[in-house]
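To keep things clear, I will list the structure first and then write my remarks on it.
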Amino acid sequence: MARLCSSSKSVFIWTCFCVLIVSNLAEFPRIKHNSNRSDDSVAFLVVGDWGRDGNYNQSRVAKQMGEVGKKIGIDFVISTGDNFYDTGLKSVNDPRFETSFSKIYTAKSLQKPWYTGNHDYLGNAEAQLSPALRKIDNRWHCKRNFIVGAGYADIFFVDTNPFVNDYFINAKKQKFDWKGILPRENYLADVRKDLDSALSKSRAPWKIVVGHHPMRSMGYHGDTKEIVDQLLPILEAHKVDMYINGHDHCLEHFSNRKGSMQFLTSGGGSKAWKNSFHYGVHNASKQFYYDGQGFMSVKLNRDKGALVFYDVYGKPLYFIKLSIQTKSHDIIMANICRIFTLLLPLLIVCLCLSKVNVCTAIHFQIRQPIKTNGPVTFLAVGDWGRKGQYNQSVVARRMGEIGAKLGIDFVVSTGDNFYKDGLIDVKDPAFSQSFTNIYTARSLQKPWYAILGNHDYHGNVEAQISPLLRKRDKRWYCHRSFIVQAGFLEIFFVDTSPFVDKYFADRPANKFNWTGILPRETYISNLLKEVNKALRTSNATWKIVVGHHPIRTIGHSGDTKELLQQLLPILEANKVPMYINGHDHCLEHINNTGIPIEFLTSGGGSRAWKNDTHYEKYKKNLKFYYDGQGFISVQLTKRQASVAFYNAFGKILHSFKLNAKYP
């Protein structure tokens with residue numbers, strides 16, 4: 001250096017210049033997104049794994065993105081990568097840039113900036129990064145690692161591909177373009193350091209990190225171990241609110257075991273339906289999984305966020321609400337400075353030493369649209385799937401007639417949906433033979449919300465809860481445990497089969513498919529906590545719990561003692577007015593002893609007439625019992641519930657009304 005400079009002054013200037021250049025190169029570049037909103041709120045869409053020249057439903061997803069984008073007034077779009085299949089772009093003149101991007105996402109609402117990291121390393125990686133692409137389409141913003149500052153959110157885009165060991169170990173199988181990455185160890189060290197620094201400097205209320213690879217996933221690829229080990233600790237240390245990724249061609253939501261970070265996968269931009277899951281992975285933190293095409297929307301203001309996953313038809317599949325209880329550091333600073341300008345130095349020191357705690361609360365459910373006028377009405381039927389036999393078709397016909405008369409909104413199934421051993425796979429003809437071809441009445445072409453029964457666990461459980469069945473019949477919604485929100489009503493579906501001890505003690509292991517349940521104790525413990533929390537935080541006028549097994553019954557099976565001991569105290573503590581179940585092939589109404597709960601059995605969807613009862617057990621509490629086929633209807637207003645039991649001929653056998661005591 002001394003030979004190049006004529007004086008110590010020039011040496012000092014040159015050194016400072018070099019330090020400045022290195023510092024600027026090391027830090028994540030920042031893009032300031034200017035919103036036209038007066039309140040600094042922000043709205044955007046997220047889509048990933050899309051670029052297939054419009055094929056594999058890419059064009060259909062794009063159309064729905066345009067419609068949703070217009071509806072919520074988005075500011076920009078985030079792409080989670082794999083933008084151009086199968087091998088990225090060859091050059092800046094590659095026609096796939098237009099055939100997979102410019103000519104596909106043509107809706108007016110999508111003519112906003114598209115922010116994406118560089119994830120297509122099988123092609124010419126430098127081509128996607130080139131500013132020359134912005135001359136072809138000015139929406140395109142692609143860099144390796146960068147920050148978008150948008151209103152109350154700072155969004156950190158991280159290049160995750162170089163973290164994956166397999167891309168270097170098996171490099172001969174696929175040719176990756178690692179220009180600008182090698183030496184890899186130095187690159188990764190700089191990314192970790194710069195991300196840590198950028199997050200520590202951010203004063204945004206919302207901190208979101210976007211990468212291509214998932215940290216938590218039950219999809220085909222599963223977790224990315226390298227970024228779990230190297231990046232997750234940094235995100236947790238800085239209380240990042242969301243990590244958003246693609247790579248797995250699905251829509252997905254996991255909560256973090258530590259802290260409040262949410263893991264969100266939006267990789268359904270085109271080819272999907274991989275039908276390869278790892279249901280047992282992260283079961284306790286799994287909130288939502290959909291193995292099909294779609295995208296997600298995000299809306300954020302200063303302290304609240306709303307996220308929605310949409311399918312290829314633009315139908316909302318799943319909702320998430322987030323809230324930050326504490327204002328951001330910079331807002332607090334602005335208010336304090338206006339009042340206490342003389343104490344500014346001291347206040348800055350105090351605030352820098354203070355810790356800002358961010359509390360995030362999540363509420364999720366399936367939202368069921370209801371009529372603008374009139375009651376919320378549904379039918380409940382259980383233990384039905386026998387290919388139309390044992391009077392199943394007769395009951396189905398009467399359900400159609402009553403459904404038309406009452407104008408039902410949906411149907412609840414209390415389980416044992418497919419006798420005798422559930423479904424074999426998603427292509428099992430029993431699904432059509434016992435469901436689609438049986439419940440054909442026009443009034444029954446509404447959503448069917450189904451819980452699993454013990455006979456369903458004899459088969460392929462993953463098949464019955466797979467979203468692929470909705471391609472065969474769009475009415476079908478089956479999950480292990482979930483919530484349906486319908487106006488002033490919330491129905492809490494609880495998976496009761498894993499509670500029953502004898503299914504684990506008295507039967508050979510191969511009789512039940514417990515995938516996703518084991519270890520059983522952990523599954524039940526987590527489920528009870530989640531049910532209790534969901535009921536406690538619910539503001540619904542009516543809270544109804546649905547399970548397959550009865551808590552109280554005089555029927556053949558008798559009480560389910562495990563539910564009496566573990567679930568009933570939660571229902572009583574949260575003043576649940578109704579528990580609806582199946583399992584016993586009968587219709588039944590029993591009052592609870594003590595805190596009022598109506599126990600309603602609707603398990604007469606097909607085979608019945610067991611003629612095995614225990615009348616003496618609940619002689620004082622028994623209101624009605626019928627040992628035959630039938631179903632029930634429930635009509636709810638904000639003030640009153642009306643329940644009726646019908647036999648296989650549509651005749652009302654028993655009815656009662658219940659006032660809303662716990663609004």
Side-chain angles (χ1 to χ4, degrees), residues 315 365-385 391-415 417 434-451 470 473-479 482-493 540-546 577-582 587 589 598 600-606 629-658 660:
K315 180 175 181 178
Q365 66 269 327
I366 298 172
R367 184 169 296 174
Q368 165 65 41
I370 59 174
K371 302 180 289 290
T372 55
N373 296 313
V376 177
T377 306
F378 63 90
L379 302 182
V381 65
D383 305 80
W384 41 266
N391 278 343
Q392 183 193 0
S393 295
V394 176
V395 173
R397 186 160 59 248
R398 301 307 176 203
M399 287 175 63
E401 293 172 1
I402 300 301
K405 181 178 178 180
L406 300 180
I408 63 169
D409 298 288
F410 54 91
V411 179
V412 167
S413 171
T414 58
N417 307 311
S434 289
F435 176 58
T436 304
N437 298 342
I438 302 299
Y439 301 99
T440 57
R442 185 175 180 182
S443 67
L444 302 182
Q445 305 308 304
K446 303 292 176 66
W448 280 58
Y449 300 114
I451 198 80
R470 294 200 63 232
D473 194 315
K474 66 180 181 181
R475 297 176 290 174
W476 187 252
Y477 292 84
C478 184
H479 305 276
F482 60 107
I483 303 169
V484 172
Q485 192 273 330
F488 48 81
L489 163 69
E490 285 191 350
I491 306 178
F492 303 80
F493 290 77
T541 303
W542 292 99
K543 294 183 278 190
I544 298 175
V545 175
V546 174
M578 282 185 237
Y579 176 80
I580 304 176
N581 62 270
L587 304 175
H589 175 200
E598 309 302 318
L600 310 175
T601 297
S602 182
S606 59
Q629 292 105 340
F631 56 98
I632 73 173
S633 68
V634 180
Q635 293 182 287
L636 299 157
T637 67
K638 288 186 177 181
R639 295 186 177 183
Q640 193 174 69
S642 299
V643 180
F645 291 77
Y646 304 82
N647 66 11
F649 304 103
K651 180 181 178 180
I652 296 179
L653 303 174
H654 171 69
S655 64
F656 69 93
K657 296 183 184 296
L658 189 67

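Quantities reported herein were computed from a predicted structural model and do not represent experimental measurements.
- At a threshold of 4.5 Å between non-hydrogen side-chain atoms, the residues N581 and L600 do not count as touching.
- Looking at heavy atoms from C-beta onward, V376 lies in side-chain contact with F410 at the 4.5 angstrom threshold.
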Can you list the steps and then say if F656 with H589 is a ring pair (Phe, Tyr, Trp, His ring centres under 6.0 Å)? CA-CA 10 Å; F656 69 93; H589 175 200; 4.1 Å; yes
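- Under the 4.5 Å side-chain criterion, counting only non-hydrogen atoms from C-beta, I491 is in contact with V546.
- In this view, A441 and S443, L444 satisfy the side-chain contact (heavy atoms from CB on, under 4.5 Å) rule, not counting sequence neighbours.
- Q485 places a side-chain N or O within donor-acceptor distance of the main-chain N or O of G487, the cut-off being under 3.5 Å.
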Evaluation steps, side chain to side chain contact (heavy atoms under 4.5 Å, CB included), between V634 and L379: CA-CA 6 Å; V634 180; L379 302 182; over 6 Å; no
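- Remark: T637 OG1 to L489 CG distance equals 11.5 Å, nearest 0.5 Å.
- Of the inter-residue distances, the one linking I632 atom CD1 with Y646 atom OH reads 10.0 Å to the nearest 0.5 angstrom.
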May I have the step-by-step check of side chain to side chain contact (heavy atoms under 4.5 Å, CB included) for T414 and D383, ending in yes or no? CA-CA 7 Å; T414 58; D383 305 80; 4.3 Å; yes
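- For T436, the side chain to side chain donor-acceptor pair (under 3.5 Å) partners two or more places apart in sequence, or in a different chain, are D473.
- For an aromatic pair to be called close, the ring centres must be under 6.0 Å apart, and W448 with F435 satisfies this.
- Side-chain contact of T377 with D409: a donor-acceptor pair under 3.5 Å is absent, judged by distance alone.
- Across all non-hydrogen atoms, the minimal contact from W476 to A450 is CH2-CB, 3.7 Å.
- Side-chain contact between V394 and Q629 is absent, with no heavy-atom pair separated by less than 4.5 Å.
- Between the side chains of W384 and S413, at least one donor N or O lies within less than 3.5 Å of an accepting N or O.
- The heavy-atom pair separating Q392 from S606 by the smallest distance is CB-CB, 3.8 Å.
- Using a 4.5 Å heavy-atom threshold, the side chains of S434 and N417 count as separate.
- In this structure, the ring pair (Phe, Tyr, Trp, His ring centres under 6.0 Å) partners of F645, at least two apart in sequence or on a different chain, are F624, H654.
- Residues I483 and F493 form no side-chain contact, since every pair of their non-hydrogen atoms from C-beta on lies 4.5 Å or further apart.
- Heavy atoms only, all atoms of each residue included: A660 and T541 are closest at CB-CG2, 4.0 Å.
- Listed here is the closest heavy atom pair of A648 and V395: CB-CG2, 4.1 Å.
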Using the rule given for side chain to side chain contact (heavy atoms under 4.5 Å, CB included), can you reason through Y579 versus E598, listing the C-alpha separation, both sets of side-chain angles and the distance that settles it, and then say yes or no? CA-CA 6 Å; Y579 176 80; E598 309 302 318; over 6 Å; no
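- With sequence neighbours excluded, the residues forming a side-chain contact (heavy atoms from CB on, under 4.5 Å) with K315 are D311, R470, Y477, listed by chain and number.
- Annotation: W542 is not in aromatic contact with F488 [ring centroid separation under 6.0 Å not met].
- Residues forming a side-chain contact (heavy atoms from CB on, under 4.5 Å) with Q445 (at least two apart in sequence, or on another chain): R475.
- Annotation for S633 and L406: closest pair CB-CD1, 3.6 Å, computed over non-hydrogen atoms.
- S393 is linked by a side chain to side chain donor-acceptor pair (under 3.5 Å) to nothing, counting only residues two or more places apart in sequence or in another chain.
- Counting heavy atoms from C-beta on, the side chains of V411 and Y449 never come closer than 4.5 Å.
- What you find for Q635 and P375 is that their closest heavy atoms are NE2-CG, 4.1 Å.
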